[in-house]
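Working notes, structure below.
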There are 2 protein chains.
Amino acid sequence: MRSLHHPGREQLDLPAVLYALSDPTRLEIVRRLAGDGELACGTFGLPVTKATLSHHFKVLREAGLIQTRVEGVHRYNSLRKQDLDTRFPGLLKAVLKASVPG
Amino acid sequence: MRSLHHPGREQLDLPAVLYALSDPTRLEIVRRLAGDGELACGTFGLPVTKATLSHHFKVLREAGLIQTRVEGVHRYNSLRKQDLDTRFPGLLKAVLKASVPG
DNA sequence: TCTATTGTTTGATCATAATCAAACAATAGG
DNA sequence: CCTATTGTTTGATTATGATCAAACAATAGA
């Protein structure tokens, strides 16, 4: 398996970040991670296959939104809050606030 | 010509807004409008044909990011700052701050 | 070593979208 | 009217991406 690629803080690209956030499934993943800290891929009860989910995690990872830590057979994902907030101040907070319908 | 469609404030959809902002050309359009208030379509010296530009304006308009006012032969575009800020507080500001490289 | 679990990758399909040239529409000014 | 200007729409092309099933890889546990 190819090792997981995480772009550096300086490489974060706004269009890529916005694009990653523009998919409802990925937005939901980000919301969960914002609340729960660290989650394995399989713990999201989303209505897509594991292949599709894996694809979405890859998009989020390569855009620099999440960090994936390997432990045994699991991949634990977490939001790169610090990096995002440094590079794009207020963006994540605004997106998270807005993504709660109501 | 079909009349220009602008979604109501309540119809604004976060994924659609983020998607509209995820294209560099459209992001540049939004940045210009944020600075200059109101601009006709032809006044952006962007490296795309007028057909492509028209397409991007349509995407921005239908996502609710811009408002297009027809005056004579021109279309004057402006950012829907108020609506965006009401619906997604802090989002536009964060995007505009982030989109200035440096 | 065998098996179950977890997730990735590949290959295919289908949909969406970015782009352009060309045709079209609407208007302003002669 | 005629013409130039401004922008939209259409049709075509090309690229990207969301999705799934199936094959694969890695690990933990019996």
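Throughout, a chain's letter reflects where its sequence line sits, starting with A, and its residues are numbered from 1.
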Every protein N/O within reach of nucleotides 19-21 of chain C N/O, cut-off under 3.5 Å:
| residue | atom | partner | partner atom | Å |
| --- | --- | --- | --- | --- |
| dT19(C) | OP2 | H56(B) | NE2 | 2.4 |
| dC20(C) | OP2 | T49(B) | N | 3.1 |
| dC20(C) | OP2 | T49(B) | OG1 | 3.4 |
| dC20(C) | OP2 | T52(B) | OG1 | 2.8 |

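The CG atom of L21(A) sits 13 Å away from the P atom of dA18(D) (whole-angstrom rounding). Atom CZ of F57(B) and atom C1' of dA18(C) are 16 Å apart (whole Å). One can place CD of E28(A) at 16 Å from P of dA18(D), the figure rounded to the nearest angstrom. Following rounding to the nearest Å, Y76(B) (OH) and dG7(D) (C1') show an atom-to-atom distance of 13 Å. Distance NE2 (H74(A)) to P (dA28(D)): 9 Å, rounded to an integer number of Å. Summarising the geometry, the separation between CG on L4(A) and C1' on dA25(D) is reported as 13 Å, rounded to the nearest angstrom. Rounded to an integer number of Å, the gap from E62(A) CD to dT16(D) C1' is 14 Å. One interatomic measurement links the two molecules: NZ of K50(B) to P of dA23(C), which rounds to 12 Å at whole-angstrom precision.
T68(A) is listed as a side-chain neighbour of H6(A), based on a closest heavy-atom distance under 4.5 Å.
Within the 4.0 angstrom heavy-atom criterion, only backbone atoms of the sugar-phosphate kind lie near Y19(B); the bases stay farther away.
Nearest heavy-atom pair, L65(A) versus V17(A), reported as atom, atom and distance to 0.1 Å: CD1-O, 3.9 Å. Shown here for I66(B) and R80(B), the closest heavy-atom pair between the two residues is O-CD, 3.6 Å. Shown here for H74(B) and A40(B), the closest heavy-atom pair between the two residues is ND1-CB, 4.1 Å.
R9(A) pairs by the side chain to side chain donor-acceptor pair (under 3.5 Å) definition with D83(A), not counting sequence neighbours.
Residue V73(B) places its side chain closer to dT5(D) than to any other of dT5(D), dG7(D), dG7(C).
Considering only side-chain N and O atoms, R69(A) lies nowhere under 4.0 angstrom from the phosphate OP1 or OP2 of dG7(C). For dA18(C), one of the phosphate oxygens OP1 or OP2 lies less than 4.0 angstrom from a side-chain nitrogen or oxygen of R26(B).
Counting only distance, with no hydrogens or angles, the side chain of H5(B) and the backbone of E62(B) share no donor-acceptor pair below 3.5 Å.
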Could you list the donor-acceptor pairs under 3.5 angstrom formed by side chains in residues 46-55 of chain B, with sequence neighbours left out?
| residue | atom | partner | partner atom | Å |
| --- | --- | --- | --- | --- |
| T49(B) | OG1 | T52(B) | N | 3.3 |
| T49(B) | OG1 | T52(B) | OG1 | 3.2 |

